[in-house]
Amino acid sequence: MFPIAIFGSKPAFSSPLHVGRPNIANRDRFLEHAVQMLDRKWLTNNGPLVQQFEQRIAAFLGVKHCICVCNATIGLEIAIRAAGLKGEVIVPSYTFVATAHALQWQEITPVFADIDPVTHILDPAKIEQHITPRTTAILGTHVWGRPCPVKSLADIADRHGLKLMFDAAHAFGCSQEGRMIGGFGLAEVFSFHATKFLNSFEGGAITTNNDELAGKVRLMTNFGFSGYDNVIYIGTNGKMTEVCAAMGLTNLEGIEDLLAVNRRNYEAYRVGLTDIPGLTLMPYDSKENHNCQYIVVEVDESIADLTRDELVKVLHAENVLARKYFWPGCHRMEPYRSLYPYAGMFLRETERIAARVIVLPTGSSLSEADIRLVCGILRTAVEQPARVRAVLAMSATT
Ligand code: T4K
């Protein structure tokens with residue numbers, strides 16, 4: 001924690017504002033589900049709550065199959081293995097490190113391709129230069145819940161005989177051209193981690209319209225068991241527990257309320273950040289469904305006269321625990337940094353965007369007044385860059 005407040009003797013917020021504070025739609029409903037679960041004494045292994053959660057997700061997304069898992073990282077690993085990916089897979093570096101790890105964990109080489117600086121998403125124009133005879137797939141991430149350019153990626157995948165899958169960890173409740181994310185590519189993987197729009201404590205889901213893949217994924221999630229005592233496939237333990245499904249169901253039942261809060265917060269940020277020089281709030285397409293779970297601000301240092309890192313220090317000093325997702329990019333994290341020391345040469349936009357982005361708190365634990373104050377802190381900082389630098393320099397020496 002940064003030691004002193006910038007604009008007063010005490011931080012603007014007496015307790016920290018977090019990015020990713022969990023959304024809990026309805027405590028009583030969760031407890032109801034949990035009590036029934038305890039009475040049933042069925043706690044995991046494809047219980048009734050997991051089955052119900054899977055059916056509701058599939059219906060909500062308009063996709064044939066949904067298999068819930070214990071988290072999205074394991075979900076990605078299972079989906080990647082079930083789809084038979086090997087060799088090299090093209091991925092963005094501008095994503096959470098789990099996307100790359102899910103490949104490397106299985107000794108598949110993640111080959112990092114650059115992003116479109118406007119959308120922060122894998123740029124189709126930057127993919128083909130990375131395709132080699134060892135490439136088997138493209139794994140895109142719907143960063144911030146903004147959909148990948150699915151048609152362009154599918155076109156490239158088809159032309160080169162590659163598979164196409166998506167890390168949809170951020171994208172529950174988001175759509176592209178009116179179609180919900182969940183049914184694109186061979187499979188998509190959602191995260192229901194505590195910090196996500198729809199949370200099940202920990203959890204995730206693999207969704208697909210492919211019957212064969214769905215069958216394999218289901219087997220792999222449960223050690224490869226097909227009925228009692230009959231293992232027909234290599235598998236792992238990727239199962240979602242009943243208590244996680246109880247939380248997931250509760251939040252799915254209350255999804256409209258969660259959406260309304262996130263939209264309200266986004267609008268409050270949009271108003272509050274208007275005309276702060278050098279700060280741009282990432283827009284969401286109003287014609288599509290969007291969960292607005294990430295409040296993403298880009299800092300143009302040449303206009304704001306403060307760096308992204310200086311602004312993050314200011315926010316932390318005021319107890320606003322803004323994050324620098326996804327800095328410094330997967331390619332600058334181990335083992336990728338050592339394995340591919342020159343990857344950055346092909347990732348100019350990734351490096352530029354990773355150095356500019358601030359993610360601000362949102363969700364049901366923030367009020368509109370909190371948001372006005374967060375925006376006020378940023379505005380005041382940008383109005384007084386010299387003072388901010390002086391205070392930061394002073395606090396660095398104390
Ligand atoms: N693909 C992508 C694109 C992803 O973004 C992620 C996860 C994955 C795959 C893998 O999904 P999972 O396997 O996790 O299902 C957090 C989350 O742990 C991670 O799930 C998420 N992406 C990532 C973007 O953010 P950290 O390392 O930043 O977490 P942490 O502990 O710093 O928490 C974030 C903030 O949330 C903190 O300020 C504290 C607050 N928080 C957190 C938890 C867990 C709470 O207030 N309450 C809580 O219960 O990774």
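As the structure lists them, so they are numbered: ligands from 1, and atoms in each ligand from 1. If you're wondering where the values come from, they're calculated on a predicted model, not measured in any experiment.
Proximity of a side-chain donor or acceptor of Asn251 to a complementary backbone N or O of Ala25 within less than 3.5 Å is detected.
Ligand 1 lies within reach of Thr141, whose nearest heavy atom is under 4.0 Å from it. Using a 4.0 Å cutoff on heavy atoms, Pro22 counts as a contact of ligand 1.
Checked by distance only, ligand 1 and Arg21 come closer than 3.5 Å through their nitrogen or oxygen atoms. Not one N or O of Glu202 is nearer than 3.5 Å to an N or O of ligand 1, by distance alone.
Each of Leu85, Val89, Thr136, Leu213 was scored for a side-chain contact (heavy atoms from CB on, under 4.5 Å) with Lys163, with one residue passing: Leu85. Evaluated for a side-chain contact (heavy atoms from CB on, under 4.5 Å) with Phe166, the options Leu76, Leu186, Val150 yield exactly one hit, Val150.
Applying the 4.0 Å criterion to heavy atoms of Ala98 picks out, from ligand 1, the atoms 8 (C), 9 (C), 10 (C). Residue Thr73 has at least one heavy-atom neighbour below 4.0 Å for each of these atoms of ligand 1: 10 (C), 12 (P), 13 (O). In summary, the atoms of ligand 1 found under 4.0 Å from a heavy atom of Thr95, numbered by their order in the structure, are 3 (C). Within the listing of ligand 1, atoms 15 (O) sit less than 4.0 angstrom from a heavy atom of Gly203. Residue Ser191 has at least one heavy-atom neighbour below 4.0 Å for each of these atoms of ligand 1: 11 (O), 12 (P), 15 (O).
Scanning Phe96, Phe192, Tyr94 for the heavy atom closest to atom 50 (O) of ligand 1 points to Phe96. Distances from atom 32 (O) of ligand 1 to the heavy atoms of Arg323, Glu77, His193, His101 show the closest one on Arg323. Selection from Asn199, Val359, Thr195 by nearest heavy atom to atom 42 (C) of ligand 1 gives Thr195.
Residue contacts with ligand 1, taken as heavy atom pairs separated by less than 4.0 Å, do not involve Val189 at all.
Tyr94 has its ring centre no less than 6.0 Å from the ring centre of Tyr325.
Of the charged side-chain nitrogens involved, at least one lies within less than 4.0 Å of a carboxylate oxygen, so that Arg159 and Glu128 count as a salt-bridged pair. The existence of a salt bridge linking Asp309 and Lys324 is confirmed by a sub-4.0 Å separation between a basic side-chain nitrogen and an acidic carboxylate oxygen.
The aromatic rings of Phe326 and Trp144 lie parallel to each other, with less than 30° between the two planes, well short of the 60° mark. Using the six-membered ring where Trp is involved, Phe112 and Tyr336 have ring planes that are perpendicular, over 60° apart on the 30 and 60° scheme.
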